[in-house]
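Take a look at the structure set out below.
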Amino acid sequence: MRQREGDGYRAQRLGTPDDQAAADGAVVLSYAQAVRLATTTQLEARTARPKHYGDGQTLDAVMADYFDSHLAGKGSETISRQSYRLHAGALGPKLITALSADTLRKWHRAIASRAPTNRGKVMPFDPADPEQARARKATANRVLSIVKAGLNFAWRNETLPAELPTFWQKVEPFELGDDPPPRMLERGEITRLLNAAPVDLRDLLTAALMTGGRYSEIRRLQVRDYSPDHSTVRIYQSKTGKTLLQPLTAEGVAFFDRVTAGKAPTAPIFTKADGEPWGQSDANKPVRAAVEAARLDDVSFKTTRATYGKLLLLATKDLEMVAKALGHSDSRVTRKHYAQYLPNEVAKAVAKMPRLGVMVGEKVSRIDGKKRRAG
């Protein structure tokens, strides 16, 4: 707008036109909103209107470029796209220059306070429950990390306005404390799960238990990835980009000999019952059905990977070896999840303490799997 001031005119920009972004009445203005603001703004009360950007670059556009240019083809692409689409909400269409650290913090907190959804259905949520509250904060942190990664990608590639402050770097994730250890199967549970699974899924689960591979890695294995001469399977880790030559036990060699017999080198090792390759989400329903039939709790396909790490650690007592087998960049993550299965030096020391002379009674019997009773 222009307004006469002394012998000349004073010009001030009021907002960004809604040619390329929807009007929000604050930064992006429709014609009517601009006229109303211009006619009610007094010269002496004017302050600079911040956060304008002429080309209409939105957070959605920045994230789309990140997904297409950086995550395309990687194992985390699908889940990152889905998570952003589910939680971006009103933040996505906003102009990048209309965002701030405070805006991002409020959005981050809002995710943690909302009830989770499953296939569009709102699930029960008790914010007073520490475990449920922690789970929602963990979800909010994951989505925040995706957005920050997208903005960092755009900043490194100089696709953001040069004068834009790196506000997103000031937004911190929630403190969650130590992660709970992942679910790991006991030997009996492994047998129940495999027995409850149909043949095609059973082979897929067995391969994961034999190698520690993720679902996306196992389903892509080709016959040529198995080397019977060296007793190894070549696994391309979709998450890290590393390639592992995973050694097999004698049992694993016998299994891979069977599932690769008579197949061409470039043929997929594992296919569904109809002969088609396993798709990105094809195992979800069959796994849930097998878990329910086996009467197991809190088990998914990725439970096989944690179980492999546990069994290897019990056999070797070597955390560094487990970290290498799982493709971890260092052993810190491995130690956090699996250290509970190492010999406990504190327990050994406590066992050496002298008796206290406390009488606990002699008529107490321990019954495995049931409550203790005294009689």
Side-chain angles (χ1 to χ4, degrees), residues 66-86 119 139 142-143 145-146 149 182-185 193-194 197-227 232-248 252 255-256 259-260 263 265-291 298-310 312 322-329 333-334 337:
Y66 170 66
F67 295 139
D68 294 340
S69 303
H70 183 67
L71 287 189
K74 296 184 178 179
S76 58
E77 178 190 4
T78 299
I79 188 63
S80 295
R81 286 183 184 272
Q82 291 174 345
S83 296
Y84 176 76
R85 185 166 58 248
L86 178 63
R119 299 179 182 274
T139 297
R142 285 194 294 271
V143 184
S145 69
I146 294 170
R183 173 76 157 93
M184 305 175 197
L185 297 172
L193 178 62
L194 294 180
V199 174
D200 54 353
L201 178 62
R202 186 184 308 152
D203 284 346
L204 208 62
L205 290 167
T206 302
L209 288 164
M210 295 286 186
T211 63
R214 301 175 177 88
Y215 170 71
S216 59
E217 300 157 1
I218 298 297
R219 74 181 181 88
R220 290 193 176 100
L221 286 177
Q222 297 180 341
V223 172
R224 61 185 176 185
D225 292 320
Y226 168 53
S227 174
T232 59
V233 175
R234 182 174 57 235
I235 295 178
Y236 173 74
Q237 290 201 307
S238 53
K239 188 174 181 179
T240 64
K242 297 178 181 178
T243 298
L244 300 179
L245 288 177
Q246 200 72 304
L248 296 169
F255 169 75
F256 274 92
V259 295
T260 58
K263 295 181 180 178
T266 58
I269 295 179
F270 303 105
T271 57
K272 295 184 293 184
D274 60 6
E276 292 296 315
W278 287 92
Q280 182 72 32
S281 305
D282 285 348
N284 291 349
K285 287 184 178 179
V287 167
R288 284 197 296 268
V291 168
D298 194 27
V299 172
S300 64
F301 195 96
K302 67 180 181 181
T303 306
T304 59
R305 177 172 168 83
T307 302
Y308 174 86
K310 168 192 166 183
L312 183 59
V322 175
K324 290 179 181 178
L326 293 175
H328 292 165
S329 56
V333 174
T334 318
H337 289 163

Could you please spell out the steps behind the side chain to side chain contact (heavy atoms under 4.5 Å, CB included) verdict for Tyr226 and Val223?
-> CA-CA 6 Å; Tyr226 168 53; Val223 172; 5.9 Å; no

Test Asp200 against Leu204 for side chain to side chain contact (heavy atoms under 4.5 Å, CB included), laying out the working first.
-> CA-CA 7 Å; Asp200 54 353; Leu204 208 62; over 6 Å; no

Distance-only donor-acceptor check, side chains Gln246 and Arg234, under 3.5 Å = no

Can you tell me how far CD1 of Ile218 sits from CG of Asp203, rounded to the nearest 0.5 angstrom?
-> 11.5 Å

Do Thr78 and Arg81 have side-chain N/O donor and acceptor atoms under 3.5 Å apart?
-> no

What one should report as the nearest heavy-atom pair of Thr206 and Leu194 is OG1-CD2, 3.8 Å

Ile146 side chain near Arg142 side chain, heavy-atom distance below 4.5 Å = no

Could you tell me which non-hydrogen atom of Ala208 sits nearest to which non-hydrogen atom of Tyr308, and how far apart they are?
-> O-CB, 4.4 Å

Measure the CD-CD distance between Gln82 and Glu77 for me, rounded to the nearest 0.5 Å.
-> 10.0 Å

Is the side chain of Gln237 donor-acceptor paired with the backbone N or O of Leu326 at a distance under 3.5 Å, no angle test?
-> yes

Can you name the closest pair of heavy atoms from Leu205 and Ala197 and give their distance?
-> CD1-CB, 4.0 Å

Residue pair Tyr215 / Gly279: nearest heavy atoms and the distance that separates them | OH-O, 2.5 Å

OH of Tyr84 to CG of Leu71, rounded to nearest 0.5 Å, is 13.0 Å

What heavy-atom pair brings Ala325 and Leu312 nearest, and what distance separates the two atoms?
-> CB-CD2, 3.5 Å

Check the pair Arg305, Arg214 against side chain to side chain contact (heavy atoms under 4.5 Å, CB included), reporting the backbone distance first and the verdict last.
-> CA-CA 7 Å; Arg305 177 172 168 83; Arg214 301 175 177 88; 3.3 Å; yes

Look at the side chain of Ser69 and the backbone N and O of Tyr66, then say whether any donor-acceptor pair between them is shorter than 3.5 Å.
-> no

Please test Thr243 against Ile235 for side chain to side chain contact (heavy atoms under 4.5 Å, CB included), starting from the C-alpha separation and ending with a verdict.
-> CA-CA 6 Å; Thr243 298; Ile235 295 178; over 6 Å; no

Using distance only, find each side-chain donor-acceptor pair of residues 269-278 under 3.5 Å and give its atom names and separation, not counting sequence neighbours.
unit_1 : atom_1 : unit_2 : atom_2 : d
Lys272 : NZ     : Asp282 : OD2    : 3.1
Asp274 : OD1    : Glu276 : N      : 2.9
Trp278 : NE1    : Thr271 : O      : 3.4

N/O donor-acceptor pair under 3.5 Å between Lys242 side chain and Tyr236 backbone | no

If you take all heavy atoms of Pro247 and Thr232, which pair is closest and at what distance?
-> CA-CG2, 4.0 Å

Short side-chain to backbone donor-acceptor contact, Thr307 and Leu185, under 3.5 Å = yes

Residues two or more places apart in sequence or in another chain: which of them pass side-chain hydrogen bond (donor to acceptor under 3.5 Å, both in side chains) with Arg202?
-> none

Checking Ser83 side chain against Ile79 main chain: does a donor-acceptor pair fall under 3.5 Å?
-> yes

4.5 Å side-chain heavy-atom contact, Arg219 and Gln280 | yes

Are Phe256 and Thr211 side-chain neighbours, meaning at least one heavy-atom pair lies under 4.5 Å?
-> yes

